[in-house]
Amino acid sequence: MRFPENFVQEVVERTDIEELIGKYVTLKRTGSNLVGRCPFHSEKTPSFSVSPAKRMFFCFGCHAGGSAITFVQKMENLDFPDAVEFLANRAGLPLPKESESNLQNQGVSRKRVLEMNLEAAKFFRACLFDKDLGKEGMKYFQGDRKMSLATIKHFGLGYAPDSFNLLTDHMHRLGYKDEELIAACLCGKSQKTGRAYDYFRNRVMFPIIDPSGNIVAFGGRVMDDSKPKYLNSSDTPAFKKSKHLFALNFAKNCCAEKMILCEGYMDVIALHAAGFEYAVATLGTAITPDHARVFSKYTQKVIISYDADEAGQNAANKAMRILGEVGMEVRVLKLSSAKDPDEYIQKFGADRFRQALEQSRTGFDHKADRILAKYDLSVGAEKIKASNDLCTLIAEYWSSVEREVYLAQVSKILELPVEVLKNSVEHIRSKQSKEYAAKQSREAQATLKNFGDRINPEAVKDPRAAAAEESVLGLMLLREEYRSAVASGEIPLAASDFVTDFHRRIFESVLKMHQSELGFRFELLGADFSPDEMGRIEKMEVSRQELSENGPAVFRSAVSVLQEASKKKSLENSDLNTRLAYLREKKAKLHKGKVDQK
């Protein structure tokens, strides 16, 4: 589906990119641009730049870039049409009628999935409150979990009856088709009979609500010991589990100081009911860098409250590392005499939990305690192992101040001089630094040869031609006169001159758009290219813009290099006579050049 180009252009013009991105990223003005920490990769030094004048963004770290549409595509996990619709709704622009009808004919849109999820949530809620259908579900919530009716209603909880078709039949009556229900992860399809069946059965239901109030997915929990304990929606056009947190729709209103990260829905609900409304949980998956970036939008401090078992503590270690990579202050809550926050609050109450929160330990203290628990410090060999592990832990911290503090702490525990421990830490850091430098060197060499280029994999076959193509395209993106010169034939350049398919596609799109009534508009490229591809295209323009010389001679030279590389490529598959003729022609040009110089 394509919106009319003039409509897309109006959407972009009506979108204040500074205000849009400012909702997700803390921006600071530097001259005419704004900078902040990139929301698409973990970084401590801001490398993300927004240009209000150009209505563009670009990250010099991960090379994400593009227009407001591209930004929304990446942040909200939307395709191009849905991102345009998102911004149009935000700007109060009505969608063109023909686009609305086309939207229904092009697969299942995010809007359609959200509509289905809302109806499904109403169905699950009605089932829970039905005296017959919801008897088991209500018994679990109010009896086993001692949950109040107010809490049940607050979270929109529900119940999926033990039936293969109750929800599916209900959704059919509302006009939804099997293919749509499958795409929304509300029903599955039997391989034996080919019939649709309810995905969630005999489970209490937890709607997953995004910060905007949309029901994007569901989690279902069994009420006994059967497996799997939790069943969560798979990724859909409206949902990507690595980017959502349960109860963030509530927590976002009171989490500026801190947030609590739990393992499961019930822990979060118990904490909210006890007054700790800044608790959230990941959705049946370990924490990801995307989750960490979500946290960084709302708070600077996260207290991890995972189960006390081995699996929970290993997960806490991973969460500490990932959250630390985006600059979060991370602490760990250690609860005694209870396996999780829900059980702790039921046993000891909210006040005791609040005291435990205040006594939460730093990430270093938590890890150091786990190391010390493994060794008997009264035994020399064991003490040495503990020292090595602790020094390795301290070496991970980039701040010299933090290292000094932790060295003093460990020195007292192990009864060893600080200088001895410090020498060990510096030795470990030096070794790690050399290993990192070697790795960077290998990666740099691979990058120079275009190995591992997922956007333009053909570049590895001919790096020189690919580099020339990037120069030509960067200049065409940067200046209208070069687009005009190519379009008019003043500078002979054709799509067939491009060696790589990705660059050829860009050339064709840029030229076609330049010759259209509306003219070239960078943001419209998003209809034909993915967000990652848009980032690469923006990088071409930014890279050229940073160079001091981008005049006509540079453009003609880049075109010549490209055409020469393309010609050599075509000669590889030609006959001997053609190749000999090419070599004679090249020799004659070189001879003429020498004569002209004399």
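The first residue in the sequence is number 1, and the count goes up from there.
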Side-chain heavy atoms of [X] within contact of [Y], under 4.5 Å:
X: Thr151; Y: Ile269; value: yes
X: Thr288; Y: Lys243; value: no
X: Val280; Y: Met259; value: yes
X: Asp82; Y: Lys111; value: no
X: Asp210; Y: Asn249; value: no
X: Glu382; Y: Leu377; value: no

Requested in this report: Please step through salt bridge (charged side-chain N to carboxylate O under 4.0 Å, His left out) for the pair Asp79 and Arg110, ending with a clear verdict.
Outcome: CA-CA 9 Å; Asp79 59 17; Arg110 179 176 185 271; over 6 Å; no
- request: Any chance you could lay out the side chain to side chain contact (heavy atoms under 4.5 Å, CB included) test for Ser49 and Cys59, step after step, and finish with the verdict?
  value: CA-CA 6 Å; Ser49 176; Cys59 175; over 6 Å; no
Verify the distance criterion only: is there a donor paired with an acceptor across the side chains of [X] and [Y] at less than 3.5 Å?
X: Asp365; Y: Thr362; result: yes
X: Tyr140; Y: Arg221; result: yes
X: Gln346; Y: Asp342; result: yes
X: Ser212; Y: Asn214; result: no
X: Glu76; Y: Tyr24; result: yes
X: Asp130; Y: Tyr159; result: no
X: Glu43; Y: Ser47; result: yes
X: Asn165; Y: Ser163; result: yes

Rounded to the nearest 0.5 Å, what's the gap from [atom1] on [X] to [atom2] on [Y]? Could you check?
X: Leu78; Y: Thr70; atom1: CG; atom2: OG1; result: 12.0 Å
X: Leu335; Y: Gln359; atom1: CG; atom2: CD; result: 11.0 Å
X: Ser400; Y: Arg429; atom1: OG; atom2: CZ; result: 8.5 Å
X: Ile182; Y: Cys187; atom1: CD1; atom2: SG; result: 4.5 Å

Under 3.5 Å donor-acceptor, [X] side chain and [Y] backbone:
X: Asn117; Y: Val216; value: yes
X: Lys383; Y: Leu414; value: yes
X: Arg203; Y: Lys229; value: yes
X: Arg331; Y: Lys301; value: no
X: Thr299; Y: Cys255; value: yes
X: Asp532; Y: Ile455; value: no
X: His291; Y: Leu245; value: no
X: Thr392; Y: Asn388; value: yes
X: Arg29; Y: Leu34; value: no
X: Ser305; Y: Cys262; value: no

So which atom in [X] and which in [Y] form the shortest heavy-atom distance, rounded to 0.1 Å?
X: Pro207; Y: Met205; value: CD-O, 3.8 Å
X: Gly324; Y: Val330; value: N-CG2, 4.2 Å
X: Val25; Y: Gly36; value: CG1-CA, 4.2 Å
X: Val108; Y: Pro237; value: O-CG, 3.6 Å
X: Val113; Y: Ala238; value: CG1-CB, 3.7 Å
X: Ala319; Y: Leu261; value: CB-CD2, 4.4 Å

Note to self: Suppose we screen for side-chain hydrogen bond (donor to acceptor under 3.5 Å, both in side chains). Which residues come up paired with Thr282, at least two apart in sequence or across chains?
What the structure shows: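 Thr282 satisfies side-chain hydrogen bond (donor to acceptor under 3.5 Å, both in side chains) with no residue once adjacent residues are dropped.
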Is the positively charged end of Lys258 above the ring of Tyr278, judged by distance under 6.0 angstrom from the centroid and angle within 45° of the axis?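 Cation-pi check for Lys258 and Tyr278: passes.
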* Any cation-pi pair here, Lys74 with Phe40, using under 6.0 Å and within 45°? ->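 Yes, cation above the ring, under 6.0 Å and within 45°.
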Ring centroid separation for [X] and [Y], is it under 6.0 angstrom?
X: Phe60; Y: Phe48; value: no
X: Phe276; Y: Phe353; value: yes
X: Phe218; Y: Phe206; value: no

### Query
Which pairs with one or both residues in residues 314-334 pass ring-ring contact (aromatic ring centres under 6.0 Å, His included), sequence neighbours excluded?
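Counting only pairs at least two positions apart or across chains, no ring-ring contact (aromatic ring centres under 6.0 Å, His included) contact touches residues 314-334.
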Between [Y] and [X], is the closest basic N to carboxylate O distance under 4.0 Å?
X: Glu19; Y: Arg90; result: yes
X: Asp198; Y: Arg201; result: no
X: Arg403; Y: Glu396; result: no
X: Lys422; Y: Glu426; result: no
X: Arg112; Y: Glu180; result: yes

Stepwise, does the side-chain hydrogen bond (donor to acceptor under 3.5 Å, both in side chains) test hold for Asp224 with Ser226?
CA-CA 6 Å; Asp224 52 25; Ser226 56; 2.6 Å; yes
Q.
Would you call the rings of His63 and Phe58 parallel, tilted or perpendicular, taking 30° and 60° as the class edges?
A.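 Parallel.
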- prompt: Above 12 or not: heavy atoms from other molecules or residues under 6.0 Å from CZ of Phe348?
  reply: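 More than 12 within 6.0 Å, yes.
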### Task
Output, in order, the C-alpha distance, side-chain angles, deciding distance and verdict of side chain to side chain contact (heavy atoms under 4.5 Å, CB included) for Met266 and Met147.
CA-CA 10 Å; Met266 294 308 306; Met147 203 178 290; 3.2 Å; yes
Quiz prompt | Working for side chain to side chain contact (heavy atoms under 4.5 Å, CB included), residues Tyr176 and Thr168 | solution = CA-CA 9 Å; Tyr176 298 106; Thr168 303; over 6 Å; no
- In this structure, which one of Phe246, Tyr265, Phe155 forms a ring-ring contact (aromatic ring centres under 6.0 Å, His included) with His272?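 Of Phe246, Tyr265, Phe155, ring-ring contact (aromatic ring centres under 6.0 Å, His included) with His272 is met by Phe155 alone.
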Can you list everything that forms a ring-ring contact (aromatic ring centres under 6.0 Å, His included) with Phe123? Sequence neighbours excluded, please.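 By the ring-ring contact (aromatic ring centres under 6.0 Å, His included) rule, Phe123 matches His170.
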**OP:** Report the C-alpha separation of Met328 and Phe295 in whole Å, then their side-chain angles, then the decisive distance to 0.1 Å, and conclude whether the side chain to side chain contact (heavy atoms under 4.5 Å, CB included) test is met.
**Re:** CA-CA 8 Å; Met328 305 292 296; Phe295 274 110; 4.1 Å; yes
